2 protein chains.
Amino acid sequence: MAEKTYADSCLCSIIHDDTVNKVREVMPEEEKLYDLAELFKVFGDTTRIKIICALFESEMCVCDIAALLSMNQSAISHQLRVLKQARLVKNRRDGKVMYYSLDDDHIKHIFDQGLLHISEG
Amino acid sequence: MAEKTYADSCLCSIIHDDTVNKVREVMPEEEKLYDLAELFKVFGDTTRIKIICALFESEMCVCDIAALLSMNQSAISHQLRVLKQARLVKNRRDGKVMYYSLDDDHIKHIFDQGLLHISEG
DNA sequence: TGAACATATGAATATATGTTCATATGATGA
DNA sequence: TCATCATATGAACATATATTCATATGTTCA
């Protein structure tokens, strides 16, 4: 009764048990995969990509970034919060001004690999 | 009139012109940043992350993947299409069965860097 | 203390997106 | 050719999310 090993939602009756079992054994734990998706979701927005690229070059205040991207301060602030929660940026206050900078060494590698993928084909 | 150089949407009057200009010069072109966000958006979903992780281990057919993830065939097929459009997977037909496998060498690096980020802190 | 300014935040809105359901397509074998 | 099976696809629905607006917070300086 090979069929019994499959989820009810999959209507197929002939699949490759050995393959599925082998893969199942090496799959990372659910939580890790969820976190990974959450991380990439943060990168999956043009505004945040732009902010990160800007911060590759220099620490910037919220207003700098808003001016650079021609977006309003609130939108930038909201996105910086997302980046901060993902521990991708950090900030420091200097008087009224809040400066943001990158807080992760892996981002650059990830971006470079992504750009390599894009430039192919 | 420093204010005139800023977008109307940014209400700040005191920002760092030099920084903004310097950053503006090194920013990648708009289209490239858009493509990069689109790529990461593909990685920003748990189902697709799981599919990719599974394919790290072995080529699989649609039904295999559906069984592995306990999801229905249609959902998997839709997501495989997204992955294919992003040129992350390729497929080959063998009779009625369509086998999918990874079609990019950078994915593994990107995932590993992402996992490094997650495991920190 | 109060005005001015940079930033943060909550609510609302519009848009994007993942899954499901129903059904179409394409291949096999009798 | 017809039934069966694996996969693909379009429409619909529910949910997530980015931006805007209005306003709050926190700092500086007079």
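As the structure is a prediction and not an experimental result, all values here were calculated from the model. Naming: A, B, ... by sequence-line order, numbering from 1 per chain.
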For a quick check of understanding: with a heavy-atom distance under 4.0 Å over all strands, which category does Tyr100(B) fall into, base, sugar-phosphate or nothing? sugar-phosphate
Exam field: side chain [X] to backbone [Y], donor-acceptor pair closer than 3.5 Å:
X: Asp94(A); Y: Val97(A); value: no
X: Asp112(B); Y: His109(B); value: no
X: Asn21(B); Y: Asp18(B); value: no

If the sugar-phosphate is the primed atoms plus P, OP1 and OP2 and the base is the rest, what is the B/S/- string for nucleotides 20-30 of chain C, using protein heavy atoms under 4.0 Å? BBB---BBS--
What orientation do His106(B) and His117(A) show, parallel under 30°, tilted 30 to 60°, or perpendicular over 60°?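 His106(B) and His117(A): perpendicular rings.
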Strictly below 4.0 Å, heavy-atom distances to any atom of DNA chain C: list the hits from residues 35-48 of chain B, or just say none. Lys41(B), Asp45(B), Thr47(B), Arg48(B)
What pair of heavy atoms forms the shortest contact from Gly44(A) to Lys41(B), and how long is it? O-CE, 3.0 Å
Might you point out which heavy atoms bring Gln79(B) and Ile51(B) nearest each other, and give the distance in Å?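 Smallest heavy-atom distance, with atoms named: CB-CD1, 3.9 Å.
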Separation of atom [atom1] in [X] from atom [atom2] in [N], rounded to whole Å:
X: Arg92(A); N: dA6(C); atom1: CZ; atom2: C1'; value: 14 Å
X: Glu59(B); N: dA6(D); atom1: CD; atom2: P; value: 17 Å
X: Arg81(A); N: dT19(D); atom1: CZ; atom2: C1'; value: 14 Å
X: His16(A); N: dA6(D); atom1: NE2; atom2: C1'; value: 11 Å
X: Gln79(B); N: dA16(C); atom1: CD; atom2: C1'; value: 13 Å
X: Ile51(A); N: dT7(C); atom1: CD1; atom2: C1'; value: 14 Å

Face-on cation placement of Lys108(A) at Phe56(A) ring, 6.0 Å and 45° thresholds: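 Verdict for Phe56(A): a cation-pi partner in Lys108(A).
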Which residue, Leu55(A), Asp103(A), Val42(A), Leu102(A), forms the side chain to side chain contact (heavy atoms under 4.5 Å, CB included) with Leu83(A)? Val42(A)
Base partner of dA4(C), which must satisfy Watson-Crick or wobble distances under 3.5 Å: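 By the stated definition (distances under 3.5 Å), dT27(D) pairs with dA4(C).
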Does the structure show a Watson-Crick or G-U wobble partner for dT17(D), both distances under 3.5 Å? Name it, or say none.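 Checking every strand shown, dT17(D) finds its partner in dA14(C), with both distances under 3.5 Å.
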Do Tyr99(B) and His16(A) have ring centroids that are under 6.0 Å from one another?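 Aromatic pair counts; centres sit under 6.0 Å.
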